Structures are given as C-alpha cells and as structure tokens.
Amino acid sequence: MTLKLAIAQLNFVVGDLAGNARKIVDAARQAHAQGARLLLTPELSIAGYAAEDLFLRPAFTEACDDAVKGIAAALADLKDMVVVVGHPTGGSLRSRSVAVQMRYNAASVIKEGRILETYAKRELPNYQVFDERRYFTPGQGTCVFEAGGVSVGVLICEDAWFDEPAELARAAGAEVLAVINASPYHVGKEGERVARMADRARAVGLPLVYAHLVGGQDEVVFDGASFALQADGALAMQAESFKESLVFMQLERSPQGVGVVAAPSAIAAPREAEAQLWDALVLGVRDYIGKNGFPGAILGLSGGIDSALVLAVAVDALGKDKVRAVMMPSPYTADISWIDAREMATRLGVRYDEISIKHTFESFKGALAEEFKGLPEDTAEENIQARIRGTLLMALSNKFGSIVLTTGNKSEMATGYCTLYGDMAGGFAVIKDLLKTTVFALARWRNAHDPYGTGASPIPDRIITRPPSAELRPDQTDQDSLPPYDILDGILARYMQDDEGIDEIIAAGYERAVVERVARLIKINEYKRRQAPVGIRVTHRSFGKDWRYPITSKFNETAGAQKP
C-alpha cells in the first residue's frame with residue numbers, strides 16, 4: 001500500500017473567501033494530477049489567519065461554511081481525492097453583555113463532492129498573540145478517516161502540543177497524524193516546532209505530517225517550513241520556509257507500520273537565523289503592502305542605521321521602483337548623514353529626494369517664540385524637527401498613495417526614545433520588534449548577502465560604524481540619553497521579553513540604577529506605544545498583541561516600593 005500525500009503550503013488572505021477557496025481547488029487539482037490522493041491545507045485556510053473579530057460576525061462564519069461546500073462541489077470529479085480544509089464553523093449566543101461561544105476552529109474532510117467529517121480543535125491557545133478562547137469553543141471528538149488505504153488522524157495545531165488528542169486519534173485507529181497549522185513565526189520557532197512534534201510522534205509511535213501556513217498578516221508572519229516525521233521522530237521531509245509550495249511525499253505500509261518516504265532532497269537545507277529573520281521582514285512588508293493595495297512605500301532616510309535597514313528590507317520586498325526615500329536635513333544634520341543617505345539610495349537605485357526643514361523649523365520656533373521666551377531649548381525643539389519630518393512624509397503619502405514606513409526599533413519603543421507624531425508617524429513599523437543590537441547585526445548580515453538580488457552591500461559602512469544619533473541638537477548621540485545598547489538590550493531581553501524581575505536581572509550582573517531606570521522608562525512610555533503603527537512581530541514577545549499593560553498603573557517592582 002502506498003499513498004501519495006501533498007501539503008498546500010499557501011499564502012491566504014484574511015476574508016478573501018473566494019480567493020482562498022480558489023487556491024485550495026487549484027492545489028487539489030494539481031496534486032491529483034500528480035498522483036496525490038490526500039491534500040492537507042493549513043489551519044483556518046478558508047478564512048485566513050487570524051481573522052480576529054470577523055469570527056464574531058455570523059455572516060462571516062456562514063460565508064466560510066458556504067465556501068467549504070463550494071470547494072466540495074468543485075472537486076466532486078476528482079476520484080478518490082481527499083482534501084482536508086481548515087475553516088471556522090458554528091456561531092454564538094450574544095447580547096451586549098454576554099457571549100456564549102458555539103463556534104469552532106475546524107477541519108473538514110472532503111471527498112468526491114461530500115463533506116465526510118468535521119473535526120473541531122480541542123486545545124485553544126490563549127497566550128502570546130493567540131486569543132482563540134475569545135472566538136472558539138473546544139472540540140470534544142476525534143477524526144480518523146481513510147485515504148488510499150491509510151487511516152489518518154486529524155489534529156489542529158495546538159492539539160499536537162498536548163498528549164490527549166494524539167492518543168485519542170491513535171486509539172481510534174490512526175496510522176499517521178495529519179496536523180494542520182497556523183503558527184506565527186518568531187526567531188527559533190521552527191526548531192522548537194520540529195522538536196515538539198518529534199516528541200509527539202515518538203510518544204504515540206506514529207508518523208506525523210505538519211502542514212503549515214505561509215505569509216504575512218498585519219503584525220504576524222507565518223514561515224511555512226511544513227514537514228513530515230517518522231514514528232521515531234526522524235525528519236523525513238521539510239519544505240522551504242517563507243515560500244508558497246505544493247510539497248509531496250509517500251506514505252507506505254510495511255510490517256513495522258506506516259512510514260514516510262521522501263527523497264533526501266525533500267529536506268530543505270538548514271538556514272542561519274539571520275536569513276530567516278530577513279525573510280520574515282521582507283515577507284511582512286510585501287504582504288502588508290500588497291494585500292492592502294498600497295502602490296508602494298516611502299520613508300525618511302536619515303543616514304542612520306535604522307532607516308538604512310528599513311530601506312534595504314523595503315527594496316528586497318517591493319523592488320526599487322516601488323520605494324521612495326526622502327532625506328530631510330535640519331540645522332543639526334551632519335554632512336556625512338546626507339552623503340551616506342545619497343550613497344545608499346544610489347546603491348539600491350531608489351528615487352531619492354532632499355527636502356530641507358531648516359526654514360520650516362525656524363518658522364515653528366518663530367511662532368512659538370513668545371510662548372517659549374526666556375526658556376532654554378530642550379526636547380520641545382528637538383521634537384518639532386521630528387514632527388515636521390512626519391508631517392512632510394504623511395503629506396507625500398496622501399498625495400501619492402504610498403504608505404509611510406516608520407524606522408523606530410524595539411529599544412527605542414521600549415524606552416520612549418521616539419517622538420509621537422514625529423518619527424512614529426506612519427503606517428507600518430518594519431523593525432518595531434528588533435532590538436538595536438539586532439539592527440546592527442542584521443545590517444552587517446545584509447551587507448554580506450544579497451538574498452533577493454537587489455544589490456550587494458547596500459548599506460555604506462560608515463552608517464554601521466558611526467555612533468547612532470537622532471541629530472536633533474549639536475553633537476548628539478543616543479548614549480547621551482540611553483545606556484549603551486548592549487547593556488540596554490540585555491536588560492530589555494530579560495525584563496520585557498522574558499518577564500524576569502528586577503532583582504533577577506541585577507543578580508545577572510547589571511547595575512541596579514540602570515535596571516530600575518530602564519524598567520521605569522518602559523512603564524512611563526506605554527502611552528506612546530499604544531499610538532504606534534502596527535509592525536512585524538519576530539520575537540516571542542513583541543510590543544503588540546502579546547504586550548497588554550495598562551497605561552495608568554502605580555505598580556512599582558522596585559524593592560520596598562509597595563510598602564504602605
């Protein structure tokens with residue numbers, strides 16, 4: 001007995017039910033023509049993931065149900081072809097004060113025009129970016145179906161991270177586990193997935209096939225890298241990451257049970273973390289702009305490291321003809337800044353313009369002269385410059401339709417080293433989840449690699465090596481206001497990303513005064529982050545869906561601060 005199985009590792013669009021259904025039908029027909037008799041699609045592939053509060057609209061889930069029926073009808077002529085489709089189903093009892101969910105994160109088994117079974121996800125994640133208990137009710141049953149003489153047990157994503165769903169599928173006769181998934185990317189996630197699924201395969205003694213989504217959806221990115229494991233956890237197949245693909249393998253029964261058969265070339269070559277991180281940023285930008293219909297992107301190119309990295313990502317994502325860079329020198333802009341900005345724009349071939357803000361800045365100061373009379377210049381004047389630049393970029397965006405890409409990084413967002421309605425003004429925050437030290441590391445990596453063929457060494461070396469500065473006052477550097485970035489980022493990684501306490505961080509070798517200052521900066525700048533544009537999540541804890549702290553709060557973790 002041999003069953004050829006295919007995985008549709010596809011990039012779906014939330015809410016594009018007709019388009020998503022068409023992709024599934026096309027993949028099924030292509031797979032059938034190549035001899036496959038089982039096709040797995042990712043979790044919630046009909047709806048797109050995550051559809052968030054669209055799930056609460058009865059009209060949406062009803063339309064998803066209709067789309068599944070439409071797929072079944074469209075594939076009625078494919079003899080012996082079984083397709084597993086992820087979709088939401090059901091509804092809820094709702095009032096203005098109460099909602100009782102009767103909606104499920106489901107997978108339907110389709111064959112020759114009929115929906116044979118529908119399985120509801122049992123384990124609903126409610127951590128990090130996941131909020132499934134808001135939308136769905138846990139399922140109770142199991143789903144084991146036959147395809148080409150093999151008994152296949154369906155699980156949906158989180159189900160496979162727990163013991164019971166897989167054990168119940170095996171008890172119901174499953175010879176292989178088919179796990180459909182929409183698992184957002186973060187650095188290191190791919191290896192963690194494979195390791196956990198290998199544990200699951202070994203625990204139940206069954207091979208496991210993991211079908212995964214690819215694509216960007218608002219702040220999250222899905223990396224694909226679908227795979228198959230033998231019953232002993234050995235990797236038998238792995239698709240390339242961050243690319244749509246239709247991947248095939250064989251399931252063969254022997255006296256020892258069902259096993260996965262695939263060519264050695266079916267395992268994608270391992271890739272370094274920086275390469276995957278770069279792909280995540282590129283895909284996040286490409287899909288956010290493409291799926292939302294923006295004609296291109298515009299950004300302020302300052303001659304600094306952050307905007308340089310964003311420009312390089314944008315060109316790799318969109319191509320040089322859809323990216324525009326604008327340099328806006330102020331009285332404090334160093335000559336080397338505009339020289340380096342011009343040089344980088346030339347290397348990448350993008351449209352580059354210079355709009356001086358010197359006269360506009362003087363006009364603002366003149367308008368405020370009476371109000372500011374007798375007071376020294378400070379952050380008020382610094383922020384005026386940033387806000388002038390934000391206004392100019394947004395005006396260009398309004399006039400030409402291109403979205404403004406902001407250039408702030410995670411270290412700045414954490415500490416408030418950013419200006420509301422200034423450098424925070426824009427539509428999409430490309431490096432919002434990159435610590436400053438990661439920005440430097442990724443810039444060096446991009447200069448050493450040209451993964452999309454848009455130009456080698458796009459970032460002038462001086463941009464990487466010079467001390468970073470906002471250039472809003474004479475001889476300014478970031479370290480005038482912030483700890484050195486290696487220290488700051490070390491504290492942020494522990495305090496913000498890993499939830500370590502202040503005393504734990506101090507015990508790891510950081511100075512108490514610095515740790516307490518950083519913790520305070522994070523706390524008092526929550527109001528700024530709430531007004532920041534959405535940006536790409538690439539770590540396990542970003543300032544976005546998985547960071548929900550109150551703006552108004554008197555909690556202070558410093559020892560003794562809570563005593564009455």
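Not measured: the values here are computed from a predicted model. Any value given below was found using the heavy atoms of this structure, including those in side chains, with hydrogens, waters and symmetry copies removed.
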*Just jot down the ring pair (Phe, Tyr, Trp, His ring centres under 6.0 Å) partners of F242, sequence neighbours excluded, or say none.*
Y185

*Are any of the side-chain nitrogens in R541 or D546 under 4.0 Å away from the carboxylate oxygens of its partner?*
no

*asked:* Tell me whether K432 is salt-bridged to E219, with the criterion being a basic N under 4.0 Å from an acidic carboxylate O.
replied: no

*Name all residues meeting the ring pair (Phe, Tyr, Trp, His ring centres under 6.0 Å) criterion together with Y352; count only those two or more places apart in sequence or in a different chain, and write none if there are none.*
none

*asked:* Angle between ring planes, Y49 versus F222, binned at 30° and 60°: parallel, tilted or perpendicular?
replied: perpendicular

*Can you tell me how far CZ of F130 sits from OG of S183, rounded to the nearest 0.5 angstrom?*
5.0 Å

*To the nearest 0.5 angstrom, please state how far the NZ atom of K410 sits from the CG atom of L434.*
8.5 Å

*Side chain to side chain, H212 and F227, heavy atoms closer than 4.5 Å*: no

*Step through it carefully: locate the ring centre of F361, locate the ring centre of F364, and say whether they are under 6.0 Å apart.*
no

*asked:* For E343, is there an ion pair with R347 - N to carboxylate O distance below 4.0 angstrom?
replied: yes

*Heavy-atom check, side chain of V326 versus side chain of L299, under 4.5 Å*: no

*Taking D450 for its side chain and G455 for its backbone only, find out whether a donor-acceptor pair lies under 3.5 Å.*
yes

*Drop me the distance from L482's CG to I487's CD1, to the nearest 0.5 angstrom.*
12.0 Å

*Could you give me the CA-CA distance, side-chain angles and deciding distance for E504 and Y495, then say whether side chain to side chain donor-acceptor pair (under 3.5 Å) is met?*
CA-CA 9 Å; E504 288 180 88; Y495 184 84; over 6 Å; no

*asked:* Tell me the closest heavy-atom pair linking G300 and S307, and the distance in Å.
replied: O-CB, 3.3 Å

_Among K243, R193, K189, R537, which residue satisfies the salt bridge (Lys or Arg N to Asp or Glu O under 4.0 Å) criterion with D223?_
R193

*Considering non-hydrogen atoms only, spot the tightest contact between S226 and I7 and give its length.*
OG-CG2, 3.8 Å

Distance-only check: which donor-acceptor pairs under 3.5 Å involve side-chain atoms of residues 274-282, not counting sequence neighbours?
residue: Q276; atom: NE2; partner: E190; partner atom: OE1; Å: 3.0
residue: W278; atom: NE1; partner: D316; partner atom: OD2; Å: 2.9
residue: D279; atom: OD1; partner: Y452; partner atom: OH; Å: 2.6
residue: D279; atom: OD2; partner: R271; partner atom: NH1; Å: 3.1
residue: D279; atom: OD2; partner: R271; partner atom: NH2; Å: 2.6

_The criterion is side chain to side chain contact (heavy atoms under 4.5 Å, CB included); which residues satisfy it with S245, sequence neighbours excluded?_
Q9, A239, V247

*asked:* Within this structure, what is the CG-CD distance for the pair N126 and E132, rounded to the nearest 0.5 Å?
replied: 8.0 Å

*May I ask you to test the P88-L44 pair for a side-chain heavy-atom distance under 4.5 Å?*
yes

*Contact summary for C157 and V179, nearest pair of heavy atoms*: N-CG1, 3.8 Å

*asked:* List the residues meeting side chain to side chain contact (heavy atoms under 4.5 Å, CB included) with N20, not counting sequence neighbours, and say none if there are none.
replied: F12, V13, D16

_If you count heavy atoms of other groups shown closer than 6.0 angstrom to CZ of R520, is the number above 12?_
no

*For S411 and D489, does a side-chain donor sit closer than 3.5 Å to a side-chain acceptor?*
yes

*Do NZ/NE/NH1/NH2 and the carboxylate oxygens of D306 and K436 come within less than 4.0 Å?*
yes

*Which atoms form the tightest heavy-atom contact between A308 and I459, and what is the distance?*
CB-CG2, 4.0 Å

*If you measure from CE on M344 to CG on L348, what distance do you get to the nearest 0.5 Å?*
5.0 Å

_If we ignore hydrogens and angles and just use 3.5 Å, is the side chain of R529 paired with the main-chain N or O of M413 as donor and acceptor?_
yes

_Looking at R494 and D499, is any side-chain nitrogen of the basic one under 4.0 Å from a carboxylate oxygen of the acidic one?_
no

_Does this structure show an ion pair linking R196 with E192, if we count only N-O contacts that are shorter than 4.0 Å?_
no

*State, yes or no, whether a side-chain contact exists between T419 and Q385 at a heavy-atom distance under 4.5 Å.*
no

*Output every pair passing ring pair (Phe, Tyr, Trp, His ring centres under 6.0 Å) with a member in residues 516-543, not counting sequence neighbours, ordered by first then second residue.*
F543-W547

*Got a second to check how far N105's CG is from I180's CD1, nearest 0.5 Å?*
7.5 Å

*Should E52 and K545 be marked as a salt bridge (Lys or Arg N to Asp or Glu O under 4.0 Å) after you check the CA-CA gap, both sets of side-chain angles, and the distance that decides it?*
CA-CA 11 Å; E52 298 181 301; K545 289 183 181 179; 2.6 Å; yes

*Side chains of L309 and I431: does their closest heavy-atom pair fall under 4.5 Å?*
yes

*Should the pair E244-K23 be classified as a salt bridge under the 4.0 Å nitrogen-to-oxygen rule?*
yes

*Report yes if some heavy atom in the side chain of I357 is under 4.5 Å from a heavy atom in the side chain of L392; otherwise report no.*
yes

*Using side chain to side chain contact (heavy atoms under 4.5 Å, CB included) as the criterion, list what pairs up with A273, not counting sequence neighbours.*
none

*Pairs flagged by salt bridge (Lys or Arg N to Asp or Glu O under 4.0 Å) wherever residues 351-364 is involved - sequence neighbours left out*: R324-D353, R342-E354, R351-D353, E362-K365

_Suppose we screen for side chain to side chain contact (heavy atoms under 4.5 Å, CB included). Which residues come up paired with A314, at least two apart in sequence or across chains?_
V323, L405

*Compare every heavy atom of G408 with every heavy atom of E412, then report the nearest pair and how far apart it is.*
OE1-CA, 3.3 Å

_Backbone N/O of A513 and side chain of E516: donor-acceptor pair under 3.5 Å_ = no

_Ignoring hydrogens, what is the shortest heavy-atom contact between A414 and N525? Give both atom names and the distance._
O-CB, 4.3 Å

*State which residues pass ring pair (Phe, Tyr, Trp, His ring centres under 6.0 Å) with F428; sequence neighbours excluded, sorted by chain then number.*
Y288

*Just by distance, do the side chain of E43 and the backbone of A182 share a donor-acceptor pair under 3.5 Å?*
yes

*For H186, enumerate each residue passing the ring pair (Phe, Tyr, Trp, His ring centres under 6.0 Å) test, keeping only those at least two apart in sequence or located in another chain.*
none

*Any chance the side chains of K291 and N11 put a donor and an acceptor closer than 3.5 Å?*
yes

*Can a donor-acceptor pair be found between the side chains of T454 and R446 at a distance below 3.5 Å?*
yes

*asked:* Is the shortest side-chain heavy-atom distance between M327 and T333 below 4.5 Å?
replied: yes

*Is the closest side-chain heavy-atom distance between P550 and K554 below 4.5 Å?*
no

*Examine the side chains of Y135 and D53 and answer whether a donor and an acceptor come within less than 3.5 Å of each other.*
yes

*Any salt bridge (Lys or Arg N to Asp or Glu O under 4.0 Å) involving residues 414-429? Give me the pairs, sequence neighbours left out, ordered by first then second residue.*
none

*Any side-chain donor paired with an acceptor under 3.5 Å for S402 and S397?*
no

*Just checking, any donor-acceptor pair under 3.5 angstrom between side chains of R466 and S337?*
yes

